[in-house]
There are 2 protein chains.
Amino acid sequence: MRDDVAAADSAGAGTAVGEAEQVRWLDTDQQWAWRRFLEGTSRFFEALGDAHEDDIQVSLGEYHLLVQLSEAPDWTLRMSALADFLALSRSRLTHTVARMEKRGLVTRRPAPGDRRGVHCVMTDAGYAVLVAAAPAHVTAVRRLLVDVLDADELTTLGRAMAKVAHAARTGA
Amino acid sequence: MRDDVAAADSAGAGTAVGEAEQVRWLDTDQQWAWRRFLEGTSRFFEALGDAHEDDIQVSLGEYHLLVQLSEAPDWTLRMSALADFLALSRSRLTHTVARMEKRGLVTRRPAPGDRRGVHCVMTDAGYAVLVAAAPAHVTAVRRLLVDVLDADELTTLGRAMAKVAHAARTGA
DNA sequence: ACCGGATAGTTGATGGCTCAACTATTTTGG
DNA sequence: CCAAAATAGTTGAGCCATCAACTATCCGGT
């Protein structure tokens, strides 16, 4: 219990004698990359959230919700479509939309043609908030991500994360 | 209010005439990479969290806390050091450690030499939980990240995220 | 020796997220 | 055409994170 402890990501914790060992631990390079990813995402989202608190009237999640609506016809999207785009649970979306509705940023209407469905519509006030928030948001994304990387690094990052998203969607 | 709306990440929302325009919006490729990053991280952490709920007695955050302690001499770390390593706020760490202490995974002791300080020490029970959790954790990290990417993609991802972490740490 | 400010950590209130349970509607299979 | 299952969305309880305020200790300068 001294050296074998180090790095539960890579070392032989759990190698009980006589028990089938089928875990492929991470090698040094893989572990390094994984930890950079972990720390980087954590600090990135924390810093981006801070930027939103400083300059902006909406949280990061609310901002992305408004962005999705701004790109939809009539600023309108089904709740379920919104949940898919934003990778949010239905429940969380309901709560978030309810809060934003109270602040006048969106409204809800019954969906025509499917009486189970609900449409979420961005209001003019919501659009105004989005427009006001966009400059600080984009500036922060540049400062914390886009301008920090070479163009090909950014491209590779995008491609890699597309693969990761796909793996998470399917392999769940 | 129809076409100019699309993509508040890139388009001219906020371009009031006569007002100085100094925001550099994202071009198409940059925006694509940024959105892949956003979706990928979101789905990745959700899926990894699910894996922890299925097979493991500790949440992802608690697991990483135990990993840090397992790599420290005497399974012991100052609260502030732990907070730095895990990129956690002091308050959040206090609450998390308090919960884990109740479950017997760690204990707290006054730090020798600095009467303000507190040492966090992993218990044998905590180590046992870590050992039990490691295989499923590593398997999930492989399935969702490491094995999904080419070796050079993973390396580039690690390098890129190291840069991002640095930018977030300094430019905050 | 002392005062001001920095550092270490905790606390409690508030608010958001997660989970399970629930209603209502639509679709599917027999 | 009906029953069972799938889909859409909401609700409320409990848990966790965040924030501001607070105590205690240490350091740095005079």
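Every chain is numbered from 1 and lettered A, B, ... according to where its sequence line falls, protein lines coming before strand lines. Note that these values count all heavy atoms, side chains included, but never hydrogens, waters or copies made by symmetry.
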With sequence neighbours excluded, residues passing side-chain contact (heavy atoms from CB on, under 4.5 Å) with [X]:
X       : value
A133(A) : I56(A), V58(A), Y63(A)
A128(B) : none
A87(A)  : S42(B), R43(B)
D150(A) : D152(A), E153(A), K163(B)

- Item | Pairwise salt bridge (charged side-chain N to carboxylate O under 4.0 Å, His left out) hits with a residue in residues 80-95 of chain B, at least two apart |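 The answer is none; no pair qualifies.
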- Which pairs count as salt bridge (charged side-chain N to carboxylate O under 4.0 Å, His left out) when at least one residue sits in residues 130-142 of chain A, sequence neighbours excluded?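 Residue pairs with at least one partner in residues 130-142 of chain A: R142(A)-D147(A).
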Tabulated below should be each protein N or O lying under 3.5 Å from an N or O of nucleotides 2-9 of chain C; please produce it.
{"residue": "dT7(C)", "atom": "O2", "partner": "R116(B)", "partner atom": "NH1", "Å": "3.0"}
{"residue": "dG9(C)", "atom": "OP1", "partner": "R78(B)", "partner atom": "NE", "Å": "3.1"}
{"residue": "dG9(C)", "atom": "OP1", "partner": "V118(B)", "partner atom": "N", "Å": "2.9"}
{"residue": "dG9(C)", "atom": "OP1", "partner": "V118(B)", "partner atom": "O", "Å": "3.2"}
{"residue": "dG9(C)", "atom": "OP2", "partner": "S80(B)", "partner atom": "N", "Å": "2.7"}
{"residue": "dG9(C)", "atom": "OP2", "partner": "S80(B)", "partner atom": "OG", "Å": "3.1"}

Measure all distances between protein nitrogen or oxygen atoms and nitrogen or oxygen atoms of nucleotides 16-21 of chain D, and list the pairs falling under 3.5 Å.
{"residue": "dA17(D)", "atom": "OP1", "partner": "R92(B)", "partner atom": "NE", "Å": "3.4"}
{"residue": "dA17(D)", "atom": "OP1", "partner": "R92(B)", "partner atom": "NH2", "Å": "3.0"}
{"residue": "dA17(D)", "atom": "OP2", "partner": "R99(B)", "partner atom": "NH2", "Å": "2.9"}
{"residue": "dT18(D)", "atom": "O4", "partner": "H95(B)", "partner atom": "NE2", "Å": "3.3"}
{"residue": "dC19(D)", "atom": "OP1", "partner": "E53(A)", "partner atom": "OE1", "Å": "3.0"}
{"residue": "dC19(D)", "atom": "OP1", "partner": "E53(A)", "partner atom": "OE2", "Å": "2.8"}
{"residue": "dC19(D)", "atom": "N4", "partner": "S91(B)", "partner atom": "OG", "Å": "2.4"}

- Message: Without decimals, in angstroms, what is the distance between F45(B) CZ and dC17(C) P?
- Response: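 Interatomic distance, CZ of F45(B) to P of dC17(C): 17 Å.
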- Roughly, in whole Å, what's the span from CG in L82(A) to P in dA8(D)?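 Whole-Å distance recorded here is 14 Å.
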- Note on the structure: Output field dot_bracket for DNA chain D (Watson-Crick or G-U, both distances under 3.5 Å, | for other-strand pairs) contains ||||||||||||||||||||||||||||||
- Message: Less than 4.5 Å apart, side chain to side chain, heavy atoms only: is that true for L48(A) and L145(A)?
- Response: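 L48(A) does not reach L145(A) side chain to side chain.
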- Message: Using the ring-ring contact (aromatic ring centres under 6.0 Å, His included) criterion, which residues pair with F44(A)? Sequence neighbours excluded.
- Response: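 Once residues adjacent in sequence are excluded, the partners of F44(A) under the ring-ring contact (aromatic ring centres under 6.0 Å, His included) criterion are W34(B), F37(B).
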Anything under 3.5 Å between a donor and an acceptor, one on a side chain of residues 104-123 of chain A, the other on a protein residue two or more places apart or in another chain? List them.
{"residue": "R108(A)", "atom": "NE", "partner": "E101(A)", "partner atom": "OE1", "Å": "3.1"}
{"residue": "R108(A)", "atom": "NH2", "partner": "E101(A)", "partner atom": "OE1", "Å": "3.0"}
{"residue": "D114(A)", "atom": "OD1", "partner": "R116(A)", "partner atom": "N", "Å": "3.0"}
{"residue": "D114(A)", "atom": "OD1", "partner": "R116(A)", "partner atom": "NE", "Å": "3.2"}
{"residue": "D114(A)", "atom": "OD2", "partner": "R116(A)", "partner atom": "NH2", "Å": "3.0"}
{"residue": "T123(A)", "atom": "OG1", "partner": "G104(A)", "partner atom": "O", "Å": "2.7"}
{"residue": "T123(A)", "atom": "OG1", "partner": "L105(A)", "partner atom": "O", "Å": "3.0"}
{"residue": "T123(A)", "atom": "OG1", "partner": "A125(A)", "partner atom": "N", "Å": "3.4"}
{"residue": "T123(A)", "atom": "OG1", "partner": "G126(A)", "partner atom": "N", "Å": "3.0"}

- Sidechain N-carboxylate O distance under 4.0 Å for R169(A), E39(B):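 Between E39(B) and R169(A) there is a salt bridge, with a charged N closer than 4.0 Å to a carboxylate O.
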